[in-house]
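What you are looking at is a predicted structure, and each value in this text was computed from that prediction instead of being measured. For this chain, numbers begin at 1 and follow the sequence in order.
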Amino acid sequence: MAPASTTTHVWIDHNTLNDGDNPDSGQPRYFGRPYQVHDGLLDIVRGSNFVTLSWNHLSGHDKVTLIGNTDNPDRYGEQDKLKVTLHHNHFDRLGQRAPRVRFGQVHVYNNYYRGGDGHGYSIGVGFGSQVYADGNAFDGIEAAKVLTVFNGTAITARDNLVDGVPVDVVAAYNAASTTRLRSSGGSQRVAAAPEGGCGAATLSAPTCPFLA
């Protein structure tokens, strides 16, 4: 899918996004590394603003959603842009960038993440980012690999579940890494995360993975 690039007021809703019949997993390896024919599945870049991703099913891909594609604040004037919301999406057996954020003010809530082979991390805290991640459920993903850091310093993370258990994902990251993250939130709420209802064929379904 084409990225949201230099666009504003975009709503991306009830789509099924994957590598189709040409997945990277089917490619050969060169110099000991897998050959990749895909980059971002759904990137939001170059000063895009006011973008919502909701009720989508994204699966079987490595680099998923990059929000902001440079650490240079002057290149696209992104410091007060990249306001993005991701809610009620099913992130299914993905590698990384779900999302990875630079500069943006990004709310990631009520999403369901299912791990798989090749998972590196889920949410990347990048340069200048302001991320609020709450009410998400992560199954089959190590608590320490929910987050990673790319020159970011802080994230607010509250009420997230890892394999059905409330977990402070910032503390889990800090315990396993030499790079420290600051947080103003923890995990208090217990909730359920059903799996159905996301994607292009389920426009009327009310049960996409979410936390009640």
Side-chain angles (χ1 to χ4, degrees), residues 1-18 38-59 61 63-92 94 96-113 121-137 146-160 169 181 183-185 197-200 202-206 208-211:
M1 185 170 182
S5 178
T6 64
T7 56
T8 64
H9 299 89
V10 178
W11 182 24
I12 301 169
D13 179 74
H14 274 97
N15 296 282
T16 298
L17 304 175
N18 52 53
H38 305 285
D39 194 12
L41 187 61
L42 179 56
D43 292 342
I44 301 167
V45 294
R46 294 180 175 86
S48 293
N49 207 10
F50 304 116
V51 180
T52 296
L53 279 62
S54 60
W55 300 87
N56 299 293
H57 183 197
L58 302 92
S59 65
H61 188 84
K63 298 172 183 176
V64 183
T65 297
L66 181 67
I67 300 176
N69 56 343
T70 175
D71 285 0
N72 183 344
D74 300 320
R75 187 170 183 184
Y76 301 111
E78 293 178 324
Q79 285 181 293
D80 193 42
K81 297 180 181 177
L82 299 170
K83 296 178 176 69
V84 180
T85 300
L86 300 90
H87 70 86
H88 294 88
N89 298 289
H90 184 179
F91 294 110
D92 187 9
L94 301 167
Q96 55 183 308
R97 300 183 183 177
R100 174 181 172 178
V101 183
R102 294 181 174 99
F103 292 117
Q105 299 171 38
V106 177
H107 192 185
V108 184
Y109 75 93
N110 285 20
N111 299 286
Y112 177 64
Y113 294 76
Y121 69 91
S122 294
I123 300 172
V125 182
F127 184 80
S129 63
Q130 301 175 59
V131 180
Y132 195 113
D134 65 302
N136 302 290
V146 168
L147 306 176
T148 198
V149 176
F150 298 97
N151 297 318
T153 59
I155 182 174
T156 300
R158 298 177 57 86
D159 307 324
N160 297 292
V169 294
L181 265 178
S183 175
S184 60
C198 289
T202 56
L203 291 177
S204 62
C208 180
F210 71 99
L211 302 184

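The CZ atom of Phe50 sits 12.0 Å away from atom OG1 of Thr7, with the distance rounded to the nearest 0.5 Å. Of the inter-residue distances, the one linking Gln130 atom CD with Gln105 atom CD reads 4.5 Å to the nearest 0.5 angstrom. For the atom pair CZ of Phe91 and CG of Asn111, the computed distance is 5.0 Å after rounding to the nearest 0.5 Å. Atom CZ of residue Arg46 and atom NZ of residue Lys81 lie 13.0 Å apart, to the nearest 0.5 angstrom. With rounding to the nearest 0.5 angstrom, the CG atom of Asp43 is 7.0 Å from the CZ atom of Arg97. Residue Ile123 holds its CD1 atom at 13.5 Å from CD of Gln96, rounded to the nearest 0.5 Å.
A heavy-atom distance below 4.5 Å is found between the side chains of Tyr121 and Arg100. Asn160 has its side chain out of reach of Val146: every pair of non-hydrogen atoms, C-beta onward, lies at least 4.5 Å apart.
Just one residue in the list Leu42, Asn89, Thr52 forms a side-chain contact (heavy atoms from CB on, under 4.5 Å) with Ile12, and that residue is Leu42. When each of Thr16, Asn18, Asp92 is paired with His57, the side-chain hydrogen bond (donor to acceptor under 3.5 Å, both in side chains) condition holds for Asp92 and for no other. Here the options are Leu66, Asn69, Val84, the test is side-chain contact (heavy atoms from CB on, under 4.5 Å), and the partner is Ile44; only Val84 passes.
Side chain of Ser129 to main chain of Val131: no donor-acceptor pair is present (N/O by atom type, distance under 3.5 Å, no hydrogens or angles).
Across every non-hydrogen atom of Cys198 and Asn56, the tightest pair is CB-O, 3.6 Å. Heavy atoms only, all atoms of each residue included: Gly40 and His61 are closest at C-NE2, 4.0 Å. The two atoms that bring Pro99 and Val108 nearest to each other are CD-CG2, 4.0 Å, heavy atoms only. Here the closest heavy-atom approach between residue Glu78 and residue Val45 is recorded as OE2-C, 4.0 Å. Shown here for Trp11 and Ser54, the closest heavy-atom pair between the two residues is NE1-OG, 2.8 Å. Residue Thr6 comes nearest to Ser48 through the heavy atom pair N-OG, 3.1 Å, listed as atom of the first residue, atom of the second, then distance.
By the ring pair (Phe, Tyr, Trp, His ring centres under 6.0 Å) test, Tyr109 is found to be paired with His87, His107, residues two or more places apart in sequence or in another chain being considered.
In the displayed structure, Asp80 atom CG is contacted under 6.0 Å by at most 12 heavy atoms of other residues, nucleotides or ligands.
Side-chain atoms of Asn49 and Thr8 form no donor-acceptor pair, as typed in the model, at a separation below 3.5 Å.
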Run Ile67 and Leu53 through side-chain contact (heavy atoms from CB on, under 4.5 Å) and show every step you take. CA-CA 12 Å; Ile67 300 176; Leu53 279 62; over 6 Å; no
Do Val106 and Leu86 pass the side-chain contact (heavy atoms from CB on, under 4.5 Å) test, and can you show the C-alpha distance, the side-chain angles, and the key distance before you say yes or no? CA-CA 8 Å; Val106 177; Leu86 300 90; 3.6 Å; yes
Tyr76/Phe103 under ring-ring contact (aromatic ring centres under 6.0 Å, His included): CA gap, chis, key distance, verdict: CA-CA 11 Å; Tyr76 301 111; Phe103 292 117; over 10 Å; no
